[in-house]
Amino acid sequence: MKPWRVVAWFGVVSLAADMVYEGARSVTGPYLASLGASALVVGLVTGAGEAAALGFRLFSGPLADRSGRYWSWTVAGYAMTVVCVPLMAVAPFVGAAGAAVASVLVVLERTGKAVRSPSKSVLLADAARTVGRGRGFAVHKALDQVGAFAGPLLVAGLLALTGATWPGLAALAIPGVVAMTLLLRLRVALTAPLAMTGPRPHVDDVPDGPLPRSFHLLTVSCALATFGLLTFGVLSFHLVQDGLLDVAWVPVVYAAAMGVEAVSALATGFVFDRIGGRTLLVLPLLVGLVPFLAFSSTAAVAVAGILVWGLATGILDSTVKALVAETVPRSRLGTAYGAFAAVQGVAALAGGGVAGWLYAHGRLPIVTVVGVAQLAALVLLVSALRSPARPQRPLLARHHRTGTG
């Protein structure tokens, strides 16, 4: 199967899967609040969910590298997501345990993301290396975001029709079945795991040894960005609790942010293949703007902040992965994606908790803390881009694409 076809297949699988988990994430904050959760609980649960989605990759990435069973990890992770999200619909029917049940399922669904993501990223990085990793990850992310746009709209429509959130969550079982069917068909279409076929992309691959210094600097810089980016659960909690928007409009705002994220991923992915890592220098600025705008007492300004959140998320979830693939040897790529995500997980948990705690004290404390973190992130990012990924190839230099990536 040709590389672009594999990229497109994975994109369509992600489209269907994103309808499932992004549909759920679009209402997680208000849904937990309706079950009795406070702002602090919402921040901790959504932060813990993101921590699980990122932190467990510290184990799943190296295990996938050692076993070579990239497809098994990918399939298992998707299966966890498509089962846990529809089960969230039962939370209102279990009485006082509803908030706890929903919280556990939120974390388990995000754990499924951690199980599959390093392996899926390795498969995708290999498929995209001959067509440009920036482009490959960007096109995949754009298709992915179609689902991230459609899922919240589906939930919003059912919420408007029924006046309840749980029917929308239950309906997400349908795109979940579609995602698993397409993924298994793709697996059958490929006679061997893609990551184990074709020429090796780097002649300096080694099975062990430390990851490059530039990778560690990049990881910490992006962790500070993740810390400052907050979770949509906290942002949506603000929209509803301050009376800026009715709860039925929250998934629509999320869908708009997902559309912006898709455009951001496409634009920065294509730019990455031309100028390299310098593309990421805009990230700390965007992250710094998010709390300043999103926690406004004016609906239009708050929504604008969430759209900026989408811009930053598009870079952090797509283009950064292309840079990681260019920074470390191929044989350590699953490990690198896992380690990178684990650090982001700690940052997500800290960011969600800190934002939930500071929320009661007004906007200024959150804006100040995030702003300082982004100044540090910018310094570390510049240092990472000036450090050579390999002795002969500084990341800050102009990218020159070769046929083998």
Side-chain angles (χ1 to χ4, degrees), residues 1-22 57 60-61 63-83 85 112-151 172-202 205 262 265-266 269 273 317-318 321-322 324-325 330-331 333-334 337-338 401 403-405:
M1 185 178 289
K2 293 182 179 180
W4 270 123
R5 290 191 64 188
V6 177
V7 171
W9 265 100
F10 268 119
V12 175
V13 169
S14 291
L15 186 159
D18 264 44
M19 286 189 67
V20 180
Y21 67 81
E22 298 291 14
R57 300 182 207 190
S60 62
L63 287 172
D65 276 342
R66 293 190 188 102
S67 67
R69 298 176 66 86
Y70 297 103
W71 278 103
S72 297
W73 285 89
T74 300
V75 171
Y78 273 116
M80 290 179 67
T81 288
V82 304
V83 169
V85 167
K113 175 79 170 176
V115 168
R116 68 179 179 265
S117 285
S119 295
K120 186 189 75 172
S121 294
V122 172
L123 296 174
L124 186 58
D126 277 359
R129 63 186 172 82
T130 59
V131 297
R133 281 183 170 133
R135 294 178 177 87
F137 277 101
V139 169
H140 171 269
K141 187 64 177 179
L143 289 169
D144 179 281
Q145 291 307 106
V146 172
F149 181 82
L172 294 174
I174 298 172
V177 171
V178 172
M180 291 304 299
T181 301
L182 292 174
L183 180 65
L184 294 174
R185 288 191 63 184
L186 174 60
R187 177 65 186 95
V188 170
L190 299 174
T191 58
L194 178 64
M196 308 303 291
T197 63
R200 295 172 70 82
H202 302 310
D205 279 0
L266 272 175
D273 283 336
D317 283 355
S318 178
K321 292 180 181 179
V324 170
R330 159 62 182 78
S331 63
L333 193 50
Y337 280 130
R401 176 65 49 191
T404 59

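Crowding of Leu63 atom CG: a count of heavy atoms from other residues, nucleotides or ligands under 6.0 Å exceeding 12.
Between Ser121 and Tyr70, the side chains place no donor N or O within less than 3.5 Å of an acceptor N or O (distance only, hydrogens not considered). Thr74 and Arg187 share no donor-acceptor pair across their side chains, judged by distance under 3.5 Å alone.
When all heavy atoms are compared, the tightest approach of Lys113 to Ser117 is O-OG, 2.8 Å. For the residue pair Val12 and Leu143, the shortest heavy atom distance occurs at N-CD1, 4.3 Å. Between Ala265 and Lys141, the shortest heavy-atom contact is CB-CG, 3.3 Å. The two residues Val178 and Ala16 have their closest heavy-atom pair at CG1-CB, 4.2 Å. Taking each heavy atom of His140 and Leu124 in turn, the nearest pair found is CG-CD2, 3.5 Å.
With sequence neighbours excluded, the residues that form a side-chain contact (heavy atoms from CB on, under 4.5 Å) with Val146 are Leu15. Listed by chain and number, the residues in a side chain to side chain donor-acceptor pair (under 3.5 Å) with Ser67 amount to none (sequence neighbours excluded).
Using a distance-only test at 3.5 Å, with no hydrogens or angles considered, a donor-acceptor pair links the side chain of Arg133 to the main chain of Ala125. Although no hydrogens or angles enter the test, the distance criterion places a donor-acceptor pair under 3.5 Å between the side chain of Ser60 and the main chain of Ala114.
Trp71 has its ring centre less than 6.0 Å from the ring centre of Phe10.
Separating the CG atom in Leu182 from the OH atom in Tyr78 is a distance of 10.5 Å, to the nearest 0.5 Å. Within the model, atoms OG1 of Thr81 and CG of Asp18 stand 9.5 Å from one another, a figure rounded to the nearest 0.5 Å. Atoms CG and NZ, on Leu333 and Lys321 in that order, are 11.0 Å from each other to the nearest 0.5 Å. Note: Trp9 CH2 to Ser14 OG = 13.0 Å, rounded to the nearest 0.5 Å. A distance of 7.0 Å separates CD of Glu22 from CG of Asp144, quoted to the nearest 0.5 Å. Rounding to the nearest 0.5 angstrom, the gap separating the CZ atom in Arg185 from the CE atom in Met180 is 14.5 Å.
Within the 4.5 Å cutoff, the side chain of Val177 has no heavy atoms near those of the Val82 side chain.
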